[in-house]
Structures are given as C-alpha cells and as structure tokens.
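Note that this is a predicted model, so its numbers are computed, not measured.
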Amino acid sequence: MNASEFTEYLKEQVRNHSIYVWGAQGQKKPTITEEWIRKREKTKRNADRAIAHWKKEVREGYGDVLRAFDCSGLGVYFFLKHDLIDHDINADGLRKLCRSIKRSELREGDMVFRMSDGRAVHVGYAIDGERVIEAKGRDVGVVESPVSGWDRYGRPPFFASRELKLTAPYMRGEDVRELQKSLRERGFDPGQIDGVFGKKTERAVKRFQKACGLKADGIAGKRTYFALGLPFYD
C-alpha cells in the first residue's frame, strides 16, 4: 500500500461531492436518507445543514456516487478497508498513531490536525506538501484546499515506499515528484517536475545511479533513495 492510492481515493470523494455527516464512514445510497442523517446528527440545526447540502448535491446529479463521512471517517473508511487498522479511530486517535513532523516536512499521505485543549478535534489528509483534502463540514462536504490554519502535522505508519520505475502506464504520484526534485537538485535532469515517471526521469535515475556506483537499471529502490537522501519506508 502506498500513499498515492490513498490520494486517488480522496480525490474521488472530492469529484463525487461526498458529504459530511457526524460519525459517517463511507455510507452511500440507499443508506443515506433524511431520516438516517437526523439519527446520526446530534442537533436539529446540524441535521438541517447536512440534509440541505445533501439535497443540493442530489439535485446536481451526485446522489448515486457521493458518500457520507465525518473528518476522521474519511480516513478510517480507507484504512479499515485496506486492513491498515482494525478498529474505529477518532481524530485524536489518528493523531496518536502519527509521528509528529514539521509543516515543512509535509508530504502525500501525512495528516494535519486542529487542536483544542490538547486534543485533535479535526483531521485532514495531505495530498502533497501544499494541499489537503478534508471532510470539512456539513455545509461543504469533502473538499480540497491549501494547507492553512492547522495546528499539528503527523506521519502515519501505513504507507510503504514503492520502487519507482518506467511502466506502462507511467507511474504517477507525489513520490515521483519528490524523486524528480532530488535528481534535479543533484544535477541530473529528469525533465518536467510533474510527478510522472517517464523516459527522461528513467534516464536521470540511470545517470545518477552510475555516478554513485550503483546498478544503473533505472529503478529507484531503497539504495537509490538512500543515495539521494530520501527516506524509504519498508
């Protein structure tokens, strides 16, 4: 499992206009009804807000594809489905799973938190170093936005690094972008820094490997990562 798969799942929820409902973890049609939302929400006002937003998205044609989440449920649904965790976890529980990192270290697959009284009360999920996807609230649902206004940053133990190489179709992701940046910083031109592992990136990897005395096979695995000063998570 790698972070790019999680990112694709998150982007799908944005495309499908998934909604926010308290305690929800990926429910969809026909489970989502006005009655179901009222049972989930704690107050009439919040239920009315969630229902109004849901009805708006249904009118706009997303009723068959959208899902319902709260902030932690957006992550937990994926983590449970892929056996990365074995029980439900709230936002503060997700924070406790993570290794604390700095804002400058943020990358795809990391989590961001808003804190209150020493506890995480809201969580979002980084899709790169500058943007997050979150189940933001009852009036807007699942959205993508710039990293702003978060109090803590964490790296979960879920996502292993993957070997990067030339494939058909091309491998894509923030990990490819980081590889390309590192290659360019060391004087090995990978072409456009676009997160796509194409032929120019493969050539740059081979040239770097040869310069470092590594097997010049164009496959960026553990030894190539380490030579570039990049972390590799087994």
Heavy-atom neighbours of R114 CZ exceed 12 at 6.0 Å = yes
Give a yes or no on whether V65 and V21 share a hydrophobic cluster (residues Ile, Leu, Val, Met, Phe, Trp, Tyr; joining criterion: side-chain heavy atoms under 4.5 Å apart). yes
For F197, the ring-ring contact (aromatic ring centres under 6.0 Å, His included) test, sequence neighbours excluded, returns none
Interatomic distance, CG@D189 vs CZ@F208, rounded to 0.5 Å, equals 14.5 Å
Shortest non-hydrogen pair, A3 vs G109, comes out as CB-CA, 3.9 Å
| said: With heavy-atom distances below 4.5 Å as the criterion, would you say the side chains of R162 and S4 are in contact? | reply: yes
Rounding to 0.5 Å, atoms CG (L214) and CZ (F226) come to a distance of 12.0 Å
### Query
Between R155 and D110, does at least one N-O distance fall below 4.0 Å, as a salt bridge requires?
yes
All heavy atoms of K206 vs all of A216, minimum pair found to be O-CB, 3.7 Å
Between the OH atom in Y225 and the OG atom in S182, the distance rounded to the nearest 0.5 Å is 9.5 Å
Between V121 and S116, the two heavy atoms sitting closest are CG1-CB, 3.8 Å
Exercise. Is there a side-chain contact between L166 and K199, using heavy atoms and a 4.5 Å cut-off?
Worked result: yes
**Asked** Between L179 and V205, is any pair of side-chain heavy atoms under 4.5 Å apart?
**Response** yes
In residues 129-136, what donor-acceptor pairs under 3.5 Å come from side-chain atoms, sequence neighbours left out?
from	atom 1	to	atom 2	distance (Å)
E130	OE1	R103	NH2	3.1
R131	NE	E144	OE2	2.7
E134	OE1	H122	NE2	2.7

In this structure, CG of D92 is separated from CZ of F113 (nearest 0.5 Å) by 8.5 Å
CZ of F188 to NZ of K210, rounded to nearest 0.5 Å, is 11.0 Å
Answer yes when K55 and E34 have at least one side-chain N-carboxylate O distance shorter than 4.0 Å, and no when they do not.
-> yes
Q: Answer yes when R177 and D194 have at least one side-chain N-carboxylate O distance shorter than 4.0 Å, and no when they do not.
A: no
Scanning both residues in full, the closest heavy-atom pair of R38 with A47 reads NH1-CB, 3.7 Å
Please examine the side chains of L66 and I32, heavy atoms only from C-beta on, and report whether any two atoms are closer than 4.5 Å.
yes
*Any Y153 side-chain heavy atom under 4.5 Å of M111 side chain*: no
Between Y125 (side chain) and G75 (backbone), is there a donor-acceptor pair under 3.5 Å? yes
Applying a strict under-4.5 Å side-chain criterion to I, L, V, M, F, W and Y, I'd like to know whether V142 and V76 cluster together. yes
For the CD atom on E35, are there more than 12 heavy atoms of other groups (residues, nucleotides or ligands in this structure) within a distance under 6.0 Å? no
What one should report as the nearest heavy-atom pair of L84 and F158 is O-CE2, 3.6 Å
| field | K181/E185 salt bridge by N-O under 4.0 Å criterion | value | no
Please determine whether residues Y62 and I19 belong to a single hydrophobic cluster, defined as Ile, Leu, Val, Met, Phe, Trp and Tyr linked transitively by side-chain heavy-atom distances below 4.5 Å. yes
Angle class for the H82/F78 ring planes (parallel below 30°, perpendicular above 60°, tilted otherwise)? tilted
Task: Any donor-acceptor N/O pair, Q180 side chain to G191 backbone, under 3.5 Å - done: no
Could you check whether any side-chain N or O of Q209 sits under 3.5 Å from a backbone N or O of G218, counting only pairs where one atom can act as donor and the other as acceptor? yes
CG of D48 to CD1 of I37, rounded to nearest 0.5 Å, is 10.5 Å
(message) Within the structure provided, determine whether R67 and T31 are in side-chain contact (heavy-atom separation under 4.5 Å).
(response) no
| field | W22 vs R138 side-chain heavy atoms within contact, under 4.5 Å | value | yes
Tightest non-hydrogen contact, residues V196 and T201, listed as O-OG1, 3.7 Å
Near K39 NZ, under 6.0 Å, is it more than 12 heavy atoms from other residues, nucleotides or ligands? no
Worksheet item: Is it the case that one hydrophobic cluster holds both L80 and V123, taking links as side-chain heavy atoms less than 4.5 Å apart, direct or via other members?
Response: yes
Following the transitive rule for hydrophobic clusters with a side-chain heavy-atom cut-off under 4.5 Å over Ile, Leu, Val, Met, Phe, Trp and Tyr, establish whether L106 and I193 coincide in one cluster. no
Below 30° counts as parallel, above 60° as perpendicular, anything between as tilted: where do the rings of F6 and F79 land? tilted
Check: Q27 and W36 side chains under 4.5 Å, non-hydrogen atoms = yes
